[in-house]
Each structure stands twice: as C-alpha cells, then as structure tokens.
Enquirer: 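Below: one structure in structure tokens.
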Amino acid sequence: MTPLVLIVDDEKPNLESLARIFQREGWRVALAESGTAALEVLRRERVSAVVTDLMMPGMSGEELLRAVKTLSPETEVVLMTAYGTVETAVAAMKEGAYDFITKPVKRHAIVKSVRQAIERASLVAENRALRAQLAELSSGAVGGLLGDAPAFRAVLDTLRQAAPTSATVLLTGESGTGKELAARLVHDLSTRAAGPFVPINCAAIPESLLESELFGHEKGAFTGAAARKEGRFERAHGGTLFLDEVGEMSPSVQVKLLRFLQDGVLERVGGTEPIRVDVRVVAATNKDLAAEVKAGRFREDLFYRLDVVSVRLPPLRERREDVILLAGAFLRRFAEANAKAVSGFSPAAIAAIERYAWPGNVRELMHAVERGVILTRGETVEVGDLPEAVRAAAGAAGAPAGGSATLAVPLGTTLEEIERLVIRRTLDHTRGDKNLAAQLLGIAARTIYRKLDRDEEGRLVEPSPGDDEPDGER
C-alpha cells in the first residue's frame with residue numbers, strides 16, 4: 001500500500017507546500033492544522049510518518065510525538081523546528097522522534113528524512129510480524145505469550161526490561177491471562193536462565209503444609225516428618241521461584257517470606273540454623289493486594305517488597321485484536337497434536353470467537369479451540385463445534401466484533417461505567433499519564449480526575465494545580 005504521510009502545521013501555506021512536495025514523491029498525504037486534528041487522522045488511518053511543526057498553539061509537536069507513540073508506536077515522527085529550538089528537538093528525539101529538520105525547510109532534506117522514516121516504519125512493521133510468527137512457531141507455551149495489541153506489547157517490553165535485573169516482579173491480572181508464562185519469560189531472559197524455575201501455587205496447598213513446602217522441614221518437626229526435606233526455596237537455588245496466588249498466604253508464612261526477601265535467609269520448619277539461598281522471586285496474584293493490605297489480610301511491608309516491578313497482564317477483552325491470532329496458533333497446535341487436517345475456522349466461527357467476551361481469558365480460548373478441533377468433522381472449525389457460550393455469541397444480533405479500535409461492553413452497562421472503562425483503557429495505553437490520556441480522548445485532564453479519582457466516601461480528590469485544564473475547557 002502507498003505510504004500515508006500526515007503533515008501537521010498551524011500555518012496553512014506550509015501544509016499546502018509540503019503536500020505538493022510529498023505528492024510528487026508518490027506518497028498519499030493527510031493534512032492537520034493542530035495536534036488534536038492529527039490524532040483524529042491517526043485514529044482513522046494507518047500512517048507511516050508524521051511531519052509536524054514543533055511549536056504550535058495548543059498541543060505542541062513534542063506533546064503530539066508522545067501521543068503518536070502511544071496510539072501508533074510503529075509510526076515515525078519527523079519534527080520541523082526553528083534554529084532557536086534545536087535543543088528541544090534533540091530532546092524530543094530521545095523520546096522517540098525519528099529526525100528533525102530546521103526551518104526554512106529545504107525540499108531535498110525533508111524528502112530524504114521522510115523517505116528514510118517511511119522505510120524504517122515499514123521495516124519495524126515487517127520485523128514485528130516476523131517476530132510474532134517466530135514466537136508462534138517456536139513457543140512451547142502454546143501461544144500463551146503471543147500477541148500484537150499495544151497493551152500486550154507494553155507488558156512484554158516491561159518484562160524484557162525487568163528480566164536481566166535482580167528485582168522482584170509482581171504479576172497481577174485475572175485468572176487465565178498467562179501469569180505463569182510471563183514468569184517463565186522473566187526467568188528465561190534473566191541471567192538465571194540456566195538455573196531451575198520452580199513454581200508453586202500457594203492456593204493449591206493446605207495452609208498447614210505451605211510453610212513446610214516452601215521452606216522445608218527438619219526430621220521430627222511435626223507428625224509425619226520422618227526425614228529432613230528441602231523446600232521449594234532451596235530447590236530454586238541459583239534460579240527463580242514463582243509464587244502463584246501469593247495473596248492466599250497465611251500471616252505466619254508471610255512473615256517468613258518477608259524475612260527471606262529482606263535478608264536472603266530462611267529457616268526450615270523445626271530448625272534453628274539460618275540457611276542462605278540465592279533465589280529470585282516472581283510472585284503473581286489475581287487479587288488486589290493493595291486492597292488486601294487495607295483490609296488487614298496482607299502485610300504492607302511484604303506488599304512493598306514484592307511490588308518492586310509490578311506488571312498487570314491485560315485480560316483478553318482489552319486485547320481483542322489478539323483473539324484471532326491466538327485462536328489460529330491454538331488451532332494449528334491442537335490439529336498437529338490430534339493428527340487432524342484442520343486448516344482454519346469458518347467465517348461464522350470467526351465472528352463468534354470475535355464477539356464472545358472471553359471471561360476466562362486466554363485459557364478459556366485455548367480450551368474452546370481445542371474442543372473445536374476435536375469435534376469438527378471437516379477441515380474447518382464450525383460454530384457448532386465451539387462451546388455453548390461461544391455459540392450464543394454468534395446469535396447475538398448486532399454484537400460488536402473485536403478489533404484494535406473496539407471495546408467490548410456488556411449490554412446494560414451504565415454510561416457512567418462505560419466512560420470509566422474507556423478512560424481506564426486509555427490510561428493503560430498511556431501508562432498512567434493522565435494529561436496524555438486527556439489529549440487522546442479530547443477531554444480536559446480534570447475530567448479524568450472527576451471520573452476516576454474518588455476516595456472511599458465518594459468525595460472528589462482534587463488534582464494538583466498543574467493538571468488544571470486550559471482556559472476555555474471548563
């Protein structure tokens with residue numbers, strides 16, 4: 001497809017001049033006289049490169065750069081700047097700008113810069129697609145960490161950054177979002193990859209046995225302790241211990257875990273000798289640990305020890321553009337495992353898969369596809385081969401299909417809650433930057449505070465003075 005170049009400048013003659021130059025190069029062109037108008041284009045079109053003035057009223061070129069990288073990370077940005085703002089342009093390049101051109105703009109310079117930016121955007125897109133295909137082909141995790149949604153890519157980037165360090169990682173998210181797979185990725189990308197990866201589900205072991213299972217016990221420590229036993233911490237020496245459902249730990253086990261995280265030392269049940277163990281801890285929970293702390297069910301000091309690098313794995317409803325990608329990976333895996341010549345899904349099955357809300361997340365999708373592969377009598381999975389809940393979605397008249405620009409909302413959801421959902425989803429993409437989220441949504445920053453930031457009694461928590469909206473947005 002012919003690349004699309006978006007030109008942003010508050011002076012119309014500059015827009016028209018650049019448009020003529022780029023059209024002669026054979027590129028498609030879109031024009032915007034403000035940052036806000038540019039964002040509207042980005043929401044509608046796939047833009048290869050943005051050429052923007054740095055100094056503009058309202059949203060500056062630097063602010064637009066951050067918004068572009070949030071909405072469309074693969075789009076490259078070229079800044080146009082006067083000599084007096086070169087330092088600002090250089091600083092913007094550190095935030096992801098591809099290049100900057102000084103004014104007055106020379107035709108050969110801007111064409112060369114934009115051509116290179118388009119080529120880089122194309123290479124990045126191709127590289128991302130190849131990485132996804134390689135991950136799908138080589139992943140032993142049944143596609144569980146496969147995805148291309150912005151929220152999911154952000155998670156992978158954070159995991160990759162955290163993996164080589166010694167920091168404790170806390171994985172949060174609903175059941176079925178792939179927390180154990182994320183923990184294995186942290187281990188595999190760390191300097192401990194050659195060591196053991198030892199998982200334990202704290203909710204699956206009776207409270208009376210969990211302490212012994214984690215820290216080991218001495219002979220005679222309790223009835224039935226006929227011999228000394230090493231715990232999971234000792235077995236994970238030199239590697240990673242994955243504590244799944246860490247929010248289910250009893251207070252006594254929380255105390256011993258806190259001591260280990262502070263000192264790297266443990267004691268077996270019934271023992272008095274301190275044992276030093278070299279273990280990196282990755283914990284996971286589907287609970288809100290901050291709320292558990294407030295309710296007195298989880299130690300605050302332990303929470304902060306675990307919450308050094310916190311990563312929330314998004315539920316499938318927040319990465320709906322990945323549903324069909326994941327379903328295809330699961331289909332190929334289960335077709336091979338069951339020696340069946342199943343090549344894909346029927347259009348109706350695809351529609352049902354896209355429309356279903358997937359409350360069980362990736363795990364539910366995986367089991368649904370496995371069922372479909374097993375039950376189908378032909379080369380494609382039909383609607384009738386899918387679970388009843390998914391089949392029901394196929395008959396839901398007017399149910400919205402998933403996509404990168406959609407948000408699934410159950411019928412009956414109040415408008416107030418829908419507003420909050422959209423704001424939260426946008427904040428996920430901006431990594432909590434309320435000002436940037438407000439720009440993307442076309443609302444004042446104060447509105448986000450009004451919608452979301454209320455204390456337990458429902459009173460408004462006032463934003464800081466710097467977050468007030470501009471004049472005219474009251």
Side-chain angles (χ1 to χ4, degrees), residues 139-142 144-145 159 162-172 175 178-286 289 298-299 302-303 305-309 311 313:
S139 173
V142 203
L145 282 179
L159 292 175
T165 72
S166 60
T168 303
V169 177
L170 178 62
L171 304 170
T172 63
S175 295
K179 294 188 287 293
E180 182 169 348
L181 296 176
R184 287 184 181 274
L185 177 66
V186 170
H187 173 73
D188 291 342
L189 296 180
S190 74
T191 55
R192 300 171 175 269
F197 176 84
V198 180
I200 180 170
N201 188 322
C202 301
I205 298 174
E207 182 179 326
S208 59
L209 298 179
L210 181 59
E211 184 176 359
S212 169
E213 192 65 32
L214 283 172
F215 301 100
H217 62 254
E218 297 290 350
K219 180 180 179 180
F222 50 83
T223 303
R228 171 186 285 181
K229 176 186 174 182
E230 288 188 344
R232 301 288 179 103
F233 272 96
E234 290 179 82
R235 286 163 53 187
H237 180 72
T240 303
L241 178 66
F242 174 52
L243 300 173
D244 198 7
E245 301 304 344
V246 70
E248 302 296 334
M249 279 186 175
S250 65
S252 61
V253 178
Q254 290 180 35
V255 171
K256 294 196 73 169
L257 174 59
L258 176 62
R259 184 190 174 192
F260 175 80
L261 292 175
Q262 289 174 331
D263 305 326
V265 171
L266 59 85
E267 289 180 4
R268 298 191 186 107
V269 177
T272 57
E273 180 184 351
I275 302 170
R276 185 164 294 278
V277 183
D278 176 24
V279 172
R280 198 252 187 99
V281 172
V282 177
T285 181
N286 59 14
L289 285 191
F298 200 84
R299 293 183 64 98
L302 176 57
F303 170 62
R305 282 283 177 180
L306 293 172
D307 194 36
V308 177
V309 177
V311 181
L313 274 76

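On a predicted model such as this, the values are computed, not experimentally measured, just so you know.
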Enquirer: Mind checking the NZ-CG spacing from Lys179 to Asp244? Nearest 0.5 Å is all I need.
Expert: 6.5 Å
Enquirer: Please examine the side chains of Leu258 and Arg305, heavy atoms only from C-beta on, and report whether any two atoms are closer than 4.5 Å.
Expert: yes
Enquirer: Out of curiosity, Ser175 OG to Leu313 CG, how far, rounded to the nearest 0.5 Å?
Expert: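 Between Ser175 OG and Leu313 CG, I get 12.0 Å after rounding to 0.5 Å.
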Enquirer: Lys256 and salt bridge (charged side-chain N to carboxylate O under 4.0 Å, His left out): which partner among Glu213, Glu211, Glu267?
Expert: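 Passing option: Glu211.
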Enquirer: Would you confirm whether Arg268, through its side chain, and Glu230, through its main-chain N or O, come within 3.5 Å as a donor-acceptor pair?
Expert: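 Between the backbone of Glu230 and the side chain of Arg268 there is no qualifying donor-acceptor contact (under 3.5 Å).
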Enquirer: Working to the nearest 0.5 angstrom, can you tell me the gap between Thr172 OG1 and Leu306 CG?
Expert: 12.0 Å
Enquirer: With a 4.5 Å cut-off on side-chain heavy atoms, are Arg259 and Leu266 touching?
Expert: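 Leu266 vs Arg259: side chains apart.
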Enquirer: Is there side-chain contact between Phe197 and Asp188, with at least one heavy-atom pair below 4.5 Å?
Expert: no
Enquirer: Decide yes or no on side chain to side chain contact (heavy atoms under 4.5 Å, CB included) for Leu257 and Leu243, but give the supporting numbers first.
Expert: CA-CA 11 Å; Leu257 174 59; Leu243 300 173; 3.9 Å; yes
Enquirer: Atom CE in Met249, atom CD in Gln254: separation rounded to 0.5 Å?
Expert: 7.5 Å
Enquirer: Are the side chains of Val186 and Val311 in touch, meaning some heavy atoms are under 4.5 Å apart?
Expert: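 Side-chain contact under 4.5 Å: no.
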Enquirer: Do any N or O atoms from the side chain of Glu245 and from the backbone of Ala203 form a donor-acceptor pair under 3.5 angstrom?
Expert: no
Enquirer: For atom CD of Glu207, is the number of surrounding heavy atoms from other residues, nucleotides or ligands below 6.0 Å larger than 12?
Expert: no
Enquirer: Which residue pairs pass the ring-ring contact (aromatic ring centres under 6.0 Å, His included) test with at least one member in residues 236-286, sequence neighbours excluded?
Expert: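 ring-ring contact (aromatic ring centres under 6.0 Å, His included) check on residues 236-286 returns Phe233-Phe260.
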Enquirer: Compare all side-chain heavy atoms of Leu214 with those of Ile205 and state whether any distance is below 4.5 angstrom.
Expert: no
Enquirer: Just verifying a value: how many Å separate Leu210 CG and Ile200 CD1, rounded to the nearest 0.5 Å?
Expert: 5.5 Å
Enquirer: Find out whether Leu171 and Leu159 are in side-chain contact, i.e. whether some heavy atom of one side chain is under 4.5 Å from a heavy atom of the other.
Expert: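 They are in contact (side-chain heavy atoms under 4.5 Å apart), so the answer is yes.
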Enquirer: Quick check: do Glu248 and Thr285 have side-chain heavy atoms less than 4.5 Å from each other?
Expert: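 No, too far: nothing below the 4.5 Å cut-off.
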Enquirer: Is there a donor-acceptor pair closer than 3.5 Å between any side-chain N or O of Thr165 and the backbone N or O of Ala162?
Expert: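 Such a contact is found between Thr165 side chain and Ala162 backbone.
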Enquirer: Report the C-alpha separation of Val279 and Arg232 in whole Å, then their side-chain angles, then the decisive distance to 0.1 Å, and conclude whether the side chain to side chain contact (heavy atoms under 4.5 Å, CB included) test is met.
Expert: CA-CA 10 Å; Val279 172; Arg232 301 288 179 103; over 6 Å; no
